Every structure is written in C-alpha cells, then in structure tokens.
2 protein chains.
Amino acid sequence: MSHQAEADRVLRSLGRACLEHDPDVLRSVLDRVGDKWSLILIGLLDKGPMRFTELLRTAPGISRRMLTLTLRSLERDGLVKRVIYPEIPPRVEYEVTPFGRTLSEPVLALTRWAADNQDTIRANRHAFDKAAGFDTDDLD
Amino acid sequence: MSHQAEADRVLRSLGRACLEHDPDVLRSVLDRVGDKWSLILIGLLDKGPMRFTELLRTAPGISRRMLTLTLRSLERDGLVKRVIYPEIPPRVEYEVTPFGRTLSEPVLALTRWAADNQDTIRANRHAFDKAAGFDTDDLD
DNA sequence: TGACTTGGTCACCATGAGGTGACGGAGGAG
DNA sequence: CTCCTCCGTCACCTCATGGTGACCAAGTCA
C-alpha cells in the first residue's frame with residue numbers, strides 16, 4: 001500500500017512538474033470554453049440529448065443567436081453532435097460526443113469546487129468589503 | 001476489489017445525481033474566474049509568490065490596469081494574499097492562499113485536458129471547416 | 001536639479017461579445 | 001386565408017471588458 005501511495009505521489013509530482021499550469025495552454029482552453037455559454041451547454045447536454053428549443057428554454061437567459069453560435073463552435077470542435085430528423089416541423093437534437101464527455105469531467109470538478117466554496121467566497125468578499133469600507137476599529 | 005470498485009461507482013453516481021452540472025452554480029464560478037486573467041494568475045502564483053512587476057512581465061500580454069484589477073478581485077475572494085514590504089522603492093508580493101490552492105486543482109485538471117486534447121480539437125476544426133467550405137465530393 | 005525605481009490610479013477609448021427583433025419556409029390546424 | 005410551430009439567419013445596437021498613456025509618491029543616485 002505504501003508502494004502504491006508513493007508511486008502515486010511520484011507520478012502526480014511528475015505530472016505537476018511537466019505541465020505546471022502553462023499560461024499558454026490555459027489561455028487556449030479559456031479561449032475555447034471560457035465564453036458565456038459553452039460550459040453551460042456542455043453541462044446540460046451531458047445529461048442527455050436535447051432539442052434546440054429545449055435548450056433555449058432550459059439554459060437560463062441564452063438568446064437564440066448565442067445558442068446557435070455556441071452550438072456551432074462546439075460542433076466544430078467535435079464536442080457536440082448535431083442530429084437532424086427530416087420531419088415537419090423540423091426536429092434537431094444535440095448530444096455530447098464521447099470526446100465532449102471527457103471535457104465534462106474537469107468541468108464537473110470545477111462546478112463541484114464552486115458548489116463547495118461559494119459560501120466561503122461570499123464571506124471573504126463581505127469581510128474584504130467591510131475592511132475596505134471603513135476601518136473604524138483601528139482608528140481610535 | 002469489486003466491493004471497492006462498486007462502492008466507488010455508487011458514490012460517483014450519487015455525487016453526479018446530487019450536483020449534476022447545475023447551470024447556476026457553473027455560471028457563478030464562470031463569473032468569478034471566467035475572465036481573461038484570473039486563472040492565468042492563479043496558475044502563475046501557484047508556483048510561488050511573485051511581485052507585481054514580475055507578474056506583469058511573466059503573464060503574456062497583461063496590462064498594468066488589468067493586473068491590478070484581477071489581483072484585487074482575487075484578493076477580495078480570498079484566493080490570493082497581498083504582502084507589502086514597506087521599503088523604498090516599494091515591494092509587494094502576491095501569493096496564493098491555501099484556499100486559492102484548492103481552486104488550483106480543478107484548474108490544473110482543465111489545463112491537463114487542454115494539453116491532452118488540443119491536437120484533437122485542431123483536427124476536428126480542420127475537418128469541420130473543410131466539410132463546410134466546399135463539399136465538392138458529394139456534388140457530382 | 002533632474003532622472004530612475006516600484007506599484008499603482010485615473011481618464012479615455014476601442015473592440016467585440018452578446019442581446020433584440022424581424023424575417024423565412026414548409027407544413028398543419030382552424 | 002391566416003396563424004402556429006421549429007430552427008434557425010441577418011442586421012443592428014448596446015454595453016462591458018480590457019488596453020493605452022499620463023500621472024503620482026518617495027526616496028536614491030549623479
């Protein structure tokens with residue numbers, strides 16, 4: 001067990017040393033999914049395929065234009081697949097590709113972090129703002 | 001082992017069912033760190049404390065204004081600590097707090113994803129653009 | 001008396017991301 | 001004959017993000 005644990009630690013530190021938050025790589029992923037809607041849509045579609053209008057109703061506040069644009073760029077990157085059913089009225093479903101699903105994991109990690117820590121952040125902000133607003137306690 | 005594996009899967013699916021990419025939570029984390037520089041700075045500072053001008057030189061393309069603004073908001077959220085050394089000329093160091101370091105993990109996961117998959121994305125884009133640009137092969 | 005350093009702040013401006021509302025076409029319902 | 005639904009596209013406009021360059025304090029060096 002200590003063998004396993006140590007090997008794990010070594011591997012982890014190796015990975016860390018090799019990759020180390022490269023700003024340029026980070027920039028590239030942010031350019032891809034750092035916009036207002038990409039990750040939201042990936043998240044929604046992760047639960048199962050959805051129709052255009054369904055996404056429009058489900059994603060809080062997205063416009064038709066941005067939905068189209070974002071879906072196109074996701075499709076272009078191979079993260080989402082567009083399936084057309086030639087019916088009348090037309091039906092189009094979007095689904096996450098297996099490739100897209102690999103992105104879903106780190107995103108979920110981030111969401112989890114946010115869920116776990118939003119209270120802490122709120123408290124920190126409150127404290128910071130109070131301290132900046134008036135430092136009555138360190139004046140006499 | 002199969003016990004362990006199954007317990008793991010159950011836990012995972014529970015976590016998934018409970019959290020499930022909540023769009024609002026995702027939105028909140030994106031509002032916090034989805035800007036142009038926050039994650040970059042967190043990434044840089046993760047390697048150790050840095051001075052203002054040092055960050056200015058190291059972060060590719062950031063302006064003084066945005067560096068100040070981003071550092072302030074990170075400090076406000078308790079992700080980064082500002083340490084002033086009252087010397088002349090002034091010296092200020094920024095370091096990631098333990099809290100900030102917890103964010104560093106999911107960010108690293110995302111960076112790792114980007115590093116692993118940027119080639120795939122490039123290929124997908126190329127294919128998509130070629131298909132959209134001219135479909136000479138399915139015309140006769 | 002300047003010029004140089006660090007760590008900012010401020011006013012101004014440009015860009016582009018993203019929202020709004022109109023239009024479309026093909027068919028079905030009233 | 002008109003209106004509805006679905007899945008978009010297009011032109012237009014707004015507003016927030018973020019860049020630029022000037023300025024500042026305070027001490028040191030020449």
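What you are looking at is a predicted structure, and each value in this text was computed from that prediction instead of being measured. We name chains A, B, ... by the order of the sequence lines, and we start the count at 1 in each one.
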[X] side chain, from C-beta outward: closest of [options]:
X	options	answer
B:D35	D:dG18, D:dT9, C:dT6	D:dG18
A:I88	C:dG19, C:dG7, C:dA26	C:dA26
B:R65	C:dG19, C:dC10, C:dT6	C:dC10
B:K36	D:dC7, C:dG7, D:dG19	D:dG19

Contact under 4.0 Å: B:T53 side-chain N or O vs C:dT6 OP1/OP2: no
Rounded distance [0.5 Å steps], CG in B:L79 versus CG in A:N117: 9.0 Å
A:P89 or A:R72, whichever maps to the more 5' nucleotide of DNA chain D: A:P89
Using a cut-off of 4.0 Å on non-hydrogen atoms, how would the nucleic acid contact of [X] be classed: base, sugar-phosphate, or nothing?
X	value
A:Y85	nothing
B:R64	base
B:S63	base

Whole-Å gap separating P (C:dG7) and CD (B:E93): 9 Å
Separation of D:dA16 C1' from B:M66 CE (nearest whole Å): 11 Å
Upstream residue (5' side of DNA chain C) when A:G34 and A:P90 are each assigned their closest nucleotide: A:G34
Stepwise salt bridge (charged side-chain N to carboxylate O under 4.0 Å, His left out) test for B:R122 and B:D119: CA-CA 5 Å; B:R122 232 192 307 277; B:D119 291 348; 3.2 Å; yes
Ionic contact status for A:R27 with A:D31, cut-off 4.0 Å: yes
